[in-house]
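Atom set for the values below is all heavy atoms of this structure, side chains included, hydrogens, waters and symmetry mates excluded. First listed ligand is number 1; within each ligand, the first listed atom is number 1. Residue numbers start at 1 and run along the sequence shown.
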Amino acid sequence: PPGAQTRSMNPIDIVIMAAGKGTRMKSRIPKVLQRLAGRPLLQHVLGQASALGARSAIVVTGHGAIEVEAACASGISARGQFDLKFVRQEPQLGTGHAVQQAAPLLQGDGTVVVLSGDVPLTQPDTVRALVDACADEALALLTVRLPQPKGYGRIVRGADGAVCGIVEEKDATDAQRAITEVYSGILAVPARLLLQWLPRLSNQNAQGEYYLTEVVAMAVAQGVPVTTHTIDDAVQVAGVNSPAQLAELERAHQSRAAAALMEQGVRLLDPARFDLRDDARSGARAELVCAQDVEIDVGCIFTGQVELGEGARIGAYCCIANASIAAGAVIHPFTHIDGEAAGVQVGEGALVGPFARLRPGAQLGRGVHIGNFVEVKNSQLADGAKANHLAYLGDATVGERVNYGAGSITANYDGANKHRTVIEADVHIGSNCVLVAPVTIGAGATVGGGSTISKDVPAASLGVARGRQTNITGWRRPAKKTAP
Ligand code: UD1
Ligand code: CA
């Protein structure tokens, strides 16, 4: 189990404080359900519990509790193997009061890790190092050096460098405010110690809140070692309080994802204009798997599971969700590909776009061409088939080397049911045709431009279904009346 990666022998129980209102988000959605990379903040934090191999995670809810609990229950993917529990904190009387609510669910044999539901980007290695610093006996604090420590609790150390307490900004003296080592809000402590300390917290401070940070002074008074794990990366402990902070952390997360891809050899033309998100509809985790020599131009958004084969090139400003794009395929700019649950497959060397739309169940063979303003849904196009301009293929089976003319569509829906169109190999469909399904166009047949085809066309024949052309010789256009 991942838990074996820490030196801690105790089982790990996570307490996630998630009762706060998040007033500055100015949103009806509870703060911890706001999304970063398509995933609720709280799911990012629950990911820590999985990474640590935790025994349980206890989420302390308050504002929007019903919604938060429901969202966790449905987003099971990030839950991993641990036992997920909820406790309510009503009203919210501070971080110490929040953890007090979880106390009845804590077992004395565990190590407790306290996290905040609105701090999404802490790296698993960081939390592991903190658990190691606790080593089943100490109170371990994750601290961070911040040049601008305003608003944070300051780590107060004695002459010997040992921690003597945490002082909140509002309770601090001027000298203490100058301290740049701050408490991240994340700690690890043996449950047996925490359970002794929690009932003794007071609210005698500037904010009249029960501060969890008061346990530090209790540990010191009792001779329990207080250890720290200190990092310089403020992003890992940054909380989300406003839309601007959420956007900042989104960018930090995306640059990490971009850097990891570049590390594997993926060529991103601008890592600052790259996005990879979970699929909020299915909860599917974001995963972009790239073979060698993949090139991705600026402004692309990848969602859910996407695979890019060797040498595949993605043009600027494409949105690609749940799709597999084979080697050598080129997706030209502004193409929208969304496989939803059924997926989309683009074959080797296919050319798609610009401005194309591939919907669920689109399966393109090798060397298929899909041009501008062409929509494909639940259709298989065999190798070498082409639909280059302004067309719709829905519920169709298209054979090899078919040429599907500009402006042609499959009328696949009769108002009640969907029907299939079968276009066999080497068919040539002229421009502006309507193929009224169910209908089959036999191999090698031709459909004349402008036809509305509602009966099968036999192989190797020409199907035409439109008014015959009439020419009236010497036709005179109406002339404008002249004033008398
Ligand atoms: C807390 C720390 C401070 C630290 C800072 C890091 C205390 C007293 N102070 O500050 O030292 O530098 O975090 O961000 O702990 N919450 C509840 N119930 C409550 C109060 C808060 O669930 O009654 C939740 C919030 O939703 C949030 C988290 O706890 O997710 C932290 O609360 P917040 O108010 O942001 O922290 P501070 O008290 O400002
Ligand atoms: Ca507070």
ask   = Any ion pair linking Glu69 and Arg88 (charged N to carboxylate O, less than 4.0 Å)?
value = yes

Check whether Glu214 reaches the backbone of Tyr210 with its side chain - one donor and one acceptor, N or O, closer than 3.5 Å.
no

The atoms of ligand 1 lying under 4.0 Å from a heavy atom of Gly153, numbered in the order shown, are 3 (C), 4 (C), 11 (O), 12 (O)

Using non-hydrogen atoms of the residue, decide whether Asp118 is closer than 4.0 angstrom to ligand 1.
yes

Taking only non-hydrogen atoms of Ser184 and a 4.0 Å limit, the atoms of ligand 1 in range are 6 (C), 14 (O)

May I ask whether Glu168 places a heavy atom under 4.0 Å from ligand 1? yes

query: Short N/O distance, under 3.5 Å, between Ile166 and ligand 1?
result: no

message = Check this for me, if you would: do Arg55 and Asp13 make a salt bridge, where the nitrogen-to-carboxylate-oxygen distance has to be below 4.0 angstrom?
response = yes

Going by the 4.0 angstrom heavy-atom rule, the piece of Leu93 near ligand 1 is backbone

Does Ala18 come within less than 4.0 angstrom of ligand 1, counting non-hydrogen atoms of the residue?
yes

Tyr211 heavy atoms within 4.0 Å reach ligand 1 at atoms 8 (C)

Note: ligand 1 atoms sitting under 4.0 Å from heavy atoms of Tyr152 are 6 (C), 12 (O), 14 (O)

Going by the 4.0 angstrom heavy-atom rule, the piece of Ala98 near ligand 1 is side chain

Checklist entry - Between Asp275 and Arg251, is the closest basic N to carboxylate O distance under 4.0 Å? => result yes

- prompt: Does the distance from a Lys or Arg side-chain N to an Asp or Glu carboxylate O, for Glu375 and Arg359, drop under 4.0 Å?
  reply: yes

